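Just so it is clear, the structure is predicted and the values come from calculations on it, not from any experiment.
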Amino acid sequence: MIAFVSGPVAALAPTTAVIEVGGVGMAVQCTPNTLSELRVGKEAKLATSLVVREDSLTLYGFADDDERRVFELLQTASGVGPRLAQAMLAVHTPDALRVAVATGDEKALTAVPGIGKKGAQKLLLELKDRLGEPVGAHIGRQGIGSAVSASWRDQLHAALIGLGYATREADEAVAAVAPQADAAESTPHVGQLLKAALQSLNRTR
């Protein structure tokens with residue numbers, strides 16, 4: 001198992017970071033929040049989980065070991081593959097997921113693309129004793145992550161497309177959160193904007 005990758009960031013895409021390791025570019029699938037903290041040319045270290053399939057080897061990257069651990073635990077629930085597990089971590093921090101499961105918060109889970117009401121109920125039952133207690137002091141994405149640049153619209157739009165939304169839906173979600181971003185006293189954070197955008201999309205469905 002590849003436990004982590006460390007090296008300069010060679011390239012960034014909406015869902016992927018390329019980390020140069022010993023002269024080899026390792027493509028790592030990451031959430032928008034993790035990607036927002038990376039900069040091309042800067043050193044980075046990502047905890048990783050290698051997902052092996054008959055026709056592919058996919059490396060998923062995380063901000064820390066706890067996020068990776070939760071990613072792997074989520075996949076022990078029936079119907080949860082790596083993409084859905086990553087989508088859950090794109091919307092919620094590990095501790096936020098622990099709290100949602102512990103409190104039976106269906107709405108928190110249905111905020112994740114691909115999880116409906118019945119799916120959320122099933123996940124709450126299956127994950128009840130698997131994720132453990134919250135380990136951090138901060139719950140949710142508020143105040144977490146690096147500030148995005150003036151091109152937050154492009155970054156948010158790309159993140160939504162990467163999560164499987166249609167271009168039209170992404171356009172509508174960006175427009176919906178624009179007042180929140182413009183009214184922010186400081187530069188908005190990608191995690192806050194993504195969460196608000198996903199909530200707006202769920203309301204329109």
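For the atom pair CE (Met26) and CG (Leu46), the distance works out to 11.0 Å, reported to the nearest 0.5 Å. The line from CG of Asn33 to OG1 of Thr31 is 5.0 Å long, rounded to the nearest 0.5 Å. Here the straight-line distance linking atom CD of Glu37 with atom NZ of Lys42 works out to 15.0 Å at 0.5 Å rounding. Rounded to the nearest 0.5 angstrom, Leu84 CG and Ile115 CD1 are separated by 4.5 Å. Atom-to-atom distance recorded for Ile19:CD1 and Leu59:CG is 10.0 Å, nearest 0.5 angstrom. Residue Arg98 holds its CZ atom at 8.5 Å from OG1 of Thr93, rounded to the nearest 0.5 Å.
Residue Ser78 comes nearest to Lys122 through the heavy atom pair OG-CE, 3.1 Å, listed as atom of the first residue, atom of the second, then distance. Nearest heavy-atom pair across Ala100 and Leu124 is O-CD2, 3.6 Å. Nearest heavy-atom pair across Ala120 and Thr110 is CB-CG2, 3.8 Å. Listed here is the closest heavy atom pair of Leu38 and Ala44: CD2-CB, 3.7 Å. Listed here is the closest heavy atom pair of Pro94 and Asp66: CB-OD2, 3.4 Å. Looking at every heavy atom in both residues, Ala197 comes nearest to Val177 through N-CG1, 3.5 Å.
Applying the ring-ring contact (aromatic ring centres under 6.0 Å, His included) test to residues at least two apart or on different chains, the pairs with a partner in residues 22-62 are Tyr60-Phe71, Phe62-Phe71. Identified under the salt bridge (charged side-chain N to carboxylate O under 4.0 Å, His left out) test for residues 101-112, with sequence neighbours left out: Glu106-Lys117.
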Evaluate the side chain to side chain contact (heavy atoms under 4.5 Å, CB included) criterion for residues Glu172 and Ser200: first the C-alpha distance (whole Å), next the side-chain angles of each, then the deciding distance (0.1 Å), finally the verdict.
-> CA-CA 9 Å; Glu172 293 173 353; Ser200 73; over 6 Å; no
Start with the C-alpha distance between Arg69 and Asp64, add both sets of side-chain angles, then the distance that settles salt bridge (charged side-chain N to carboxylate O under 4.0 Å, His left out), and finish with yes or no.
-> CA-CA 9 Å; Arg69 185 161 47 249; Asp64 53 41; over 6 Å; no
Check the pair Leu97, Leu74 against side chain to side chain contact (heavy atoms under 4.5 Å, CB included), reporting the backbone distance first and the verdict last.
-> CA-CA 10 Å; Leu97 285 172; Leu74 290 173; 4.0 Å; yes
Would Val112 and His92 satisfy side chain to side chain contact (heavy atoms under 4.5 Å, CB included), going step by step from the backbone distance to the final call?
-> CA-CA 9 Å; Val112 178; His92 301 295; 4.1 Å; yes
Given the rule in the side chain to side chain donor-acceptor pair (under 3.5 Å) test, do Thr48 and Arg68 qualify, once you have shown the distances and angles that lead to the verdict?
-> CA-CA 7 Å; Thr48 57; Arg68 176 184 61 196; 5.1 Å; no
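At a threshold of 4.5 Å between non-hydrogen side-chain atoms, the residues Glu67 and Leu89 count as touching. Using a 4.5 Å heavy-atom threshold, the side chains of Pro82 and Gln75 count as touching. Met88 has its side chain out of reach of Val70: every pair of non-hydrogen atoms, C-beta onward, lies at least 4.5 Å apart. Using a 4.5 Å cut-off on side-chain heavy atoms (C-beta onward), Gln29 and Thr15 make contact. Proximity of Pro113 to Leu198: side-chain heavy atoms (C-beta onward) are separated by under 4.5 Å at one or more points.
Both Ile2 and Val9 are assigned to one and the same hydrophobic cluster, defined by single-linkage of ILVMFWY side chains at heavy-atom distances under 4.5 Å. In this structure, Val18 is not a member of the same hydrophobic cluster as Val51, with clusters built from ILVMFWY side-chain heavy atoms closer than 4.5 Å. Hydrophobic clustering (ILVMFWY, side-chain heavy atoms < 4.5 Å, transitive): Val28 and Val24 are in one cluster. Clustering ILVMFWY residues whenever any of their side-chain heavy atoms sit less than 4.5 angstrom apart, transitively, puts Leu73 in the very cluster that holds Val101. Tracing side-chain contacts under 4.5 Å through hydrophobic residues (I, L, V, M, F, W, Y), one never reaches Leu57 starting from Phe4; they form parts of separate clusters.
The closest donor-acceptor contact from the side chain of Glu169 to the backbone of Ala166 lies under 3.5 Å. Listed for the Arg39 side chain is a donor-acceptor partner under 3.5 Å among the backbone atoms of Ser36.
Checking Thr58 against Arg53 by side-chain atom types alone, no donor-acceptor pair falls below 3.5 Å.
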